[in-house]
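Inspection log for the structure reproduced underneath, given as structure tokens.
All values derive from a computational prediction rather than experimental measurement. Sequence lines set the chain letters: A, B, ... in the order given, protein chains first and strands last, and positions in each chain run from 1.
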Protein chains: 2
Amino acid sequence: MNKHRTLLKHHKLSLTAVRLGVLEALDAQPHSSVEEIFAVVKDKIVTTSKQAIYNNLNTLVKHGIIREIKPKGEPSRYETRVGDNHHHLICRECHMIVDTDCFSGAPCLEPMDDHGFNVDEAEILFWGICPSCQNNTNKEGSKDE
Amino acid sequence: MNKHRTLLKHHKLSLTAVRLGVLEALDAQPHSSVEEIFAVVKDKIVTTSKQAIYNNLNTLVKHGIIREIKPKGEPSRYETRVGDNHHHLICRECHMIVDTDCFSGAPCLEPMDDHGFNVDEAEILFWGICPSCQNNTNKEGSKDE
DNA sequence: CCAAAATATTGATTTTGTCAAAATTTTTAT
DNA sequence: ATAAAAATTTTGACAAAATCAATATTTTGG
Ligand SMILES: [Mn+2]
Ligand SMILES: [Mn+2]
Ligand SMILES: [Zn+2]
Ligand SMILES: [Zn+2]
């Protein structure tokens, strides 16, 4: 995958094995957690460390190359889909995350009253139960976690 | 404040000093953190513990009596304003949080594509710079954190 | 007032993530 | 291609936020 090399060059970021591994892992599995990314990268680069994953994710976020999502009470997730201000559905049971586009009608960046804030991002999380968990609940009766 | 006693009774929750203290603290200062609530409650009930604050906040959230907000990279905030699906502006610099009403036009609970999810909450965080921090930045030049 | 249930207190533990220093790799400039 | 400089990686210690668990205390309902 050469687009990552080009992208990193554009941002004057070093082109390292771990960094490329992180980007590939995220392309393959959007909304991954640090643990998940680490597992994938470790498969290719056995000597890698969790700290290197953290470092790279933070650097990539700072440069706007990836985006961080941090749902209440869960570790951060990351994705390479940036710059389109899309939003997320998250399942209260299995914590699965899926993309959903921005409303076409509603201007996300314009709250009813902005109180003088200079708003640059509208982060929207739709909380609910995913189709699969809806089924499970129906079949197994009332069951927690 | 007797409305809190009534409210707790409705939910069959014990009426304890700490619990009432938490609700009063939150009424007085919406979007407070555990630390802030603890400080306020401790002022009245010197023997209280942080764990009691955590316990109570969790219980109150479960019962829908208060609401939890958890912005990326910050401790949770709590508020007694519930049930109106309002949203929040948060300052990237000073982390101040202010309320903003739901769009009137856009139906918050209806994402463009719900992917079969049973959505019950739309959590919207508007990120930006608050008026006060805009001033500081202008006056002090480019300054970080 | 008394027993049962709920809550509070205390201290240990977990999870997620940062910090810091030395070792290695990558880049930049001869 | 090579050497110095810069960036990244590795390792281990550390920190913040929150939960868990056991015992003590308070609250409730009778
Ligand atoms: Mn996404
Ligand atoms: Mn609010
Ligand atoms: Zn699910
Ligand atoms: Zn501010």
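Taking each heavy atom of A/Lys50 and A/Phe38 in turn, the nearest pair found is N-CE1, 3.5 Å.
Between A/Arg77 and A/Asp99, no side-chain nitrogen of the basic residue sits less than 4.0 Å from a carboxylate oxygen of the acidic one, so the salt-bridge criterion is not met. No salt bridge links A/Arg81 with A/Asp27; every basic N to acidic carboxylate O contact stays at or beyond 4.0 Å. Between A/Lys44 and A/Glu24 there is no salt bridge, since no side-chain nitrogen of the basic residue lies less than 4.0 Å from a carboxylate oxygen of the acidic one.
Taking 4.0 angstrom as the limit, A/Thr47 places none of its side-chain polar atoms (N or O) nearer than this to OP1 or OP2 of D/dT9. Dashed line: the shortest gap from a side-chain N or O of A/Thr16 to OP1 or OP2 of D/dT9 is under 4.0 Å.
Set against C/dA20, C/dT9, D/dT8, the side chain of A/Gln51 has C/dA20 as its closest nucleotide. Nearest to the side-chain atoms of A/Ser76 among the listed nucleotides D/dA18, D/dT19, C/dG17 stands C/dG17. Distance from the side chain of B/Ser49 is smallest for C/dT10 among the nucleotides C/dT10, D/dT19, C/dT27. Checking D/dT19, C/dT27, D/dA18 against the side-chain heavy atoms of A/Lys9 singles out C/dT27 as nearest. For B/Tyr54, taking side-chain heavy atoms from C-beta onward, the closest of the listed nucleotides D/dT10, C/dT9, D/dT19 is D/dT19. Residue A/Ser14 has its side chain nearest to C/dT26 when only D/dT19, C/dT26, D/dT9 are considered.
Side-chain polar atoms of A/His88 and B/Glu123 form no donor-acceptor pair below 3.5 angstrom.
When each of B/Asn56 and A/Ala17 is assigned the nucleotide of DNA chain C bearing its nearest heavy atom, the one mapping closer to the 5' terminus is B/Asn56.
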**OP:** Decide yes or no on salt bridge (charged side-chain N to carboxylate O under 4.0 Å, His left out) for B/Glu74 and A/Lys70, but give the supporting numbers first.
**Re:** CA-CA 11 Å; B/Glu74 290 188 58; A/Lys70 199 182 175 75; over 6 Å; no

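Summarising the geometry, the separation between CG on B/Asn58 and P on D/dA17 is reported as 15 Å, rounded to the nearest angstrom. Rounded to an integer number of Å, the gap from CG of A/Leu13 to C1' of C/dT27 is 12 Å. With rounding to whole Å, A/His11 atom NE2 is found 17 Å from D/dA7 atom C1'. Taking atom NZ on A/Lys42 and atom C1' on D/dT11, their separation rounds to 12 Å, with Å as the unit. In this structure, A/Leu57 places its CG atom 14 Å from C1' of C/dT18, rounding to the nearest Å. Atom CG of A/Asn55 and atom P of C/dA21 are 15 Å apart (whole Å). The nearest whole Å value for the distance from the CD1 atom in A/Ile45 to the C1' atom in D/dT10 is 13 Å. Atom P of nucleotide C/dT9 and atom NZ of B/Lys50 are separated by 13 Å, given to the nearest angstrom.
DNA chain D lies under 4.0 Å from no heavy atom of any residue of residues 59-70 of chain A.
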For a quick test of your reading: what N or O donor-acceptor pairs under 3.5 Å do the side chains of residues 7-16 of chain A make, sequence neighbours left out?
from: A/Thr16; atom 1: OG1; to: A/Arg19; atom 2: N; distance (Å): 3.2

